[in-house]
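Below is one structure, written out as structure tokens; comments come after it.
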Amino acid sequence: MKNNNTILKWFFSIQGTVDEYVEKEIGRISTKTVLILFIFELFYIGLTYFFAGSGLVSDFQSYFYLTLFIQFIGIVLIILGFSMLSFNRKNSISSEVANQKEKDKVVSLLKKKYVRLVPILFLLVLSINTILNFSSNNLFKEMFAIQRICGALILAIFFSLIMYFFEKGKITITKDEI
Amino acid sequence: MNRVREYRRAKKLSQMALAEEIGVARQTINLIENGKYNPSLDLCLKLAWVLDTDLNTLFWRDEDEE
């Protein structure tokens, strides 16, 4: 159970106790996420097969890489966007803290959260950028071009920094009322 | 609603102190007090125990409140 909580805390950036309310929220959001993932996969695989069999595709190797990348991006977006953001919106990760000590803890968790997000964002930006500018050349050659990597890295770092400072600014110390 | 806030104040406990006593997050106490979350029976019993009262008193809803 303790290990489970550690994973939940890490994934959803939960500060403090994982109590029954947080567990219920995670359960509700996870069920929704799984359903959406299922629908996405169902339609995506269906469409992939349809296009593959329609005779519109001539380069099947590139088609294979491309569809896998789009699938990867879709899954990452659904999991990150849907589960983590809707969890944040429900205020389970509270921006209200009782004292300075708690605030420092939340800020440190925020830092960890965005350090974790940078590589994911980097891969996401790199993949989207490659797919949007993809010609019939080798996908990996295009993807790992130094200029593209630098651009994606800079964008991921800047975006994470902006989001970190934005979320940090929202943390307020409330009076712990009696 | 419920009388958790009333009894907590009577016991001179902060939300944080009460949360620590029953092993939940402070935000959960806040949600319960504001009627935004219905706690489990186990949590209700813990609340009643810590606040030295019973479930009927703590979670009773008067007809005129509805």
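Predicted model only: the values in this text are computed from it and were never measured. The sequence lines fix the lettering, A, B, ..., with proteins before strands; numbering per chain opens at 1.
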* Taking A/Glu20 for its side chain and B/Pro39 for its backbone only, find out whether a donor-acceptor pair lies under 3.5 Å. =>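 A pair under 3.5 Å: no.
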* **Path from A/Ile120 to A/Leu110 over hydrophobic side-chain contacts below 4.5 Å** =>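 Yes; tracing contacts between hydrophobic side chains, which count when under 4.5 Å, links both residues.
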How about [atom1] on [X], more than 12 heavy atoms from neighbouring residues, nucleotides or ligands closer than 6.0 Å, or not?
X        : atom1 : value
A/Lys111 : NZ    : no
A/Phe166 : CZ    : no
A/Phe72  : CZ    : yes
A/Phe159 : CZ    : no

* Contacting region of B/Leu31 [heavy-atom separation from chain A under 4.5 Å] ->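 Just its side chain gets close to chain A.
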* Asked: What's the spacing between B/Leu43 CG and A/Asp19 CG if we round to 0.5 Å?
  ->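 CG of A/Asp19 is found 8.0 Å from CG of B/Leu43.
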* Asked: Once you round to the nearest 0.5 Å, how far does CD1 of B/Ile29 lie from OH of A/Tyr21?
  ->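 Spacing of CD1 (B/Ile29) from OH (A/Tyr21) equals 13.0 Å.
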* Determine whether the side chains of B/Tyr37 and A/Glu25 contain a donor N or O and an acceptor N or O closer than 3.5 Å. =>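 Note: B/Tyr37 and A/Glu25 side chains miss the donor-acceptor criterion.
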